[in-house]
Amino acid sequence: MTRFSVWIGTVVSLGFLGLVLIRGIAEMPDLDFRSGVLWAGLLGGLALYVISQLIGAVSWQSVLRMYGVVLPTGRAESQLLVSQIGKYIPGNVAHLFGRIALARADGLQNMVATMAMLIEVAILLTAGFAVVGTLMIFAPDLMRKLTVDLPDDAATVLVATGIIVVLVGLIVGQIIVWRRAGRPRPTIGQLLLPLALHGANFACLGLSLWCVIYAVNPGSTVSIVYCTAIFTTAWIAGFLMPGAPGGIGIRDGIIALGLELFIGQGTGLLVAFLHRILAIVGDVITFCLGLVLRRRAFLSRQRS
């Protein structure tokens, strides 16, 4: 990734967030920090975010097993849990390179670790597009609200194109790994497992966002399905935007804009802001869990 693209992505992300702030900051409601509902919702959202990261760690382990890489329990999972903190470094790719570095430290060949990472990212994006695409099919009214400013069928074409592009990339990546690494060809079941896990991952994140909405506005009618749709859409956009650390700006802005259809500009902005704080705290928690797992594995190897 060039430095120019990183700077452009950062400027676009922060500019987008700035516009959203201007729209809604004056209408942000006050929080009652003595409210039990507020803290219950925030803690529930945090717990679900951490669970989503643990699911992602299990998915990474399943991708490595797909290519015959079997590590001691918790070792592969710790690679993702520790490296995820790197997504807050400008460039939005440090967490990916960090995971490859940890995998190499655990004995994986560089090419295998790199290709496994690319395949895992492709599966993750495929799951995200599949979640949005499924909601478009089974909740058309919901998706019309999400894409109110787009021409008819433009959203359907966009999501379908994304799914096709990611799937083609997934297939090409698989072929490269098979031929260069001499690894056994994964079965359909092996491919579907991480796909299903990431589907559950996005469901947890959508529910996490819903918990924050409930904490701020218990009487809201925003559904969990809508929260899942808006968060997944925002996550994909933030992930693909170069330069945005952890999708900051793009993800938060899309969440705020999507929620304002139901709870207003100010409340939507507040929810996006609070969920970002929970995500940062959750990433610190999972980072610490990953360090504990790696330390245990190191001590176990020393004793043996």
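The model shown is predicted, which means the values in this text are computed figures rather than measured ones.
A 6.0 Å sphere centred on CZ of R276 holds more than 12 heavy atoms belonging to other residues, nucleotides or ligands. In this structure, F239 places its CZ atom where more than 12 heavy-atom neighbours from other residues, nucleotides or ligands lie under 6.0 Å away.
With side-chain heavy atoms closer than 4.5 Å counting as contact, directly or through intermediates, V70 stands alone and belongs to no larger hydrophobic cluster. Grouped by direct or indirect side-chain proximity (heavy atoms under 4.5 Å, Ile/Leu/Val/Met/Phe/Trp/Tyr only), L193 sits with I51, I55, V58, L197. The hydrophobic cluster around V292 extends to none of the other residues, as no ILVMFWY side-chain heavy atom falls under 4.5 Å of it.
Heavy atoms only, all atoms of each residue included: L259 and G268 are closest at CB-CA, 4.0 Å. Nearest heavy atoms, V63 versus P194: CG2-CB, 4.0 Å. Residues G258 and I230 share a closest heavy-atom pair of CA-CD1, 3.7 Å. Of all heavy-atom pairs spanning I213 and S220, the tightest one is CG2-OG, 3.7 Å. Heavy-atom minimum distance, G41 versus A215: CA-CB, 3.7 Å. Nearest heavy-atom pair, A127 versus L195, reported as atom, atom and distance to 0.1 Å: N-CD1, 3.7 Å.
Note on L207: it does not cluster hydrophobically with L274, by side-chain heavy-atom contacts below 4.5 Å among ILVMFWY residues. Note on L257 and L240: same hydrophobic cluster, where clusters join Ile, Leu, Val, Met, Phe, Trp and Tyr whose side-chain heavy atoms are under 4.5 Å apart, directly or indirectly. Grouping the Ile, Leu, Val, Met, Phe, Trp and Tyr side chains by contacts below 4.5 angstrom, directly or via other members, places L192 with I123.
Counting only distance, with no hydrogens or angles, the side chain of W39 and the backbone of F33 share a donor-acceptor pair below 3.5 Å. The backbone N or O of A229 lies less than 3.5 Å from no partner atom in the side chain of T232, so there is not a single donor-acceptor pair. Between the side chain of W210 and the backbone N or O of S223 there is no donor-acceptor pair closer than 3.5 Å. Side-chain atoms of S83 do not come within 3.5 Å of backbone N or O of G98 as any donor-acceptor pair.
In this structure, F262 and N217 have side chains that are not in contact, with every pair of non-hydrogen atoms separated by 4.5 Å or more. Residues V69 and L71 have side chains in contact (heavy-atom distance under 4.5 Å, counting atoms from C-beta outward). Between M66 and L191, the closest side-chain pair of non-hydrogen atoms falls below 4.5 Å. Within the 4.5 Å cutoff, side-chain heavy atoms of L46 are placed close to those of V281. In this structure the side chain of V222 reaches within 4.5 angstrom of the side chain of I263, judged on heavy atoms. With contacts defined as side-chain heavy-atom distances shorter than 4.5 Å, the pair I100/L108 does not qualify. Residues L31 and L270 form a side-chain contact, since some pair of their non-hydrogen atoms from C-beta on lies under 4.5 Å apart. At a threshold of 4.5 Å between non-hydrogen side-chain atoms, the residues R295 and L291 do not count as touching.
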Sequence neighbours left out, cut at 3.5 Å: what donor-acceptor pairs do the side chains of residues 111-119 make with other protein atoms?
from : atom 1 : to   : atom 2 : distance (Å)
T114 : OG1    : N110 : O      : 2.8

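Within the structure, no pair that satisfies the salt bridge (Lys or Arg N to Asp or Glu O under 4.0 Å) test touches residues 210-227, not counting sequence neighbours. Counting only residues at least two apart or on different chains, the ring pair (Phe, Tyr, Trp, His ring centres under 6.0 Å) pairs with a member in residues 265-287 are F231-H275. Screening residues 37-46 for salt bridge (Lys or Arg N to Asp or Glu O under 4.0 Å) gives no qualifying pairs among residues at least two apart or on separate chains. The side chain to side chain donor-acceptor pair (under 3.5 Å) analysis of residues 257-266, with sequence neighbours excluded, yields the pairs R23-E260. Note on residues 41-64: pairs passing side chain to side chain donor-acceptor pair (under 3.5 Å), not counting sequence neighbours, are Y49-K87, Y49-D283, Q53-Q84, S59-H198, W60-Q79.
Residues satisfying the side chain to side chain contact (heavy atoms under 4.5 Å, CB included) criterion with P218, sequence neighbours excluded, are V37, Y214. Evaluation of the salt bridge (Lys or Arg N to Asp or Glu O under 4.0 Å) rule for D30 yields no partner, not counting sequence neighbours. C211 pairs by the side chain to side chain contact (heavy atoms under 4.5 Å, CB included) definition with L48, not counting sequence neighbours.
To the nearest 0.5 Å, the span separating CD on E120 from CG on L80 amounts to 6.5 Å. To the nearest 0.5 Å, atom CE of residue M28 and atom OG1 of residue T267 are 9.0 Å apart. The distance from the CG atom of L64 to the CG atom of D106 is 9.5 Å, given to the nearest 0.5 Å. Rounded to the nearest 0.5 Å, atoms OG1 (T233) and CZ (F129) are 9.0 Å apart.
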field: Residue pair L81, L54: steps toward the side-chain contact (heavy atoms from CB on, under 4.5 Å) verdict
entry: CA-CA 8 Å; L81 296 176; L54 296 176; 4.1 Å; yes
Worked check of side-chain contact (heavy atoms from CB on, under 4.5 Å) between L38 and D32: CA-CA 7 Å; L38 173 66; D32 180 9; 5.7 Å; no
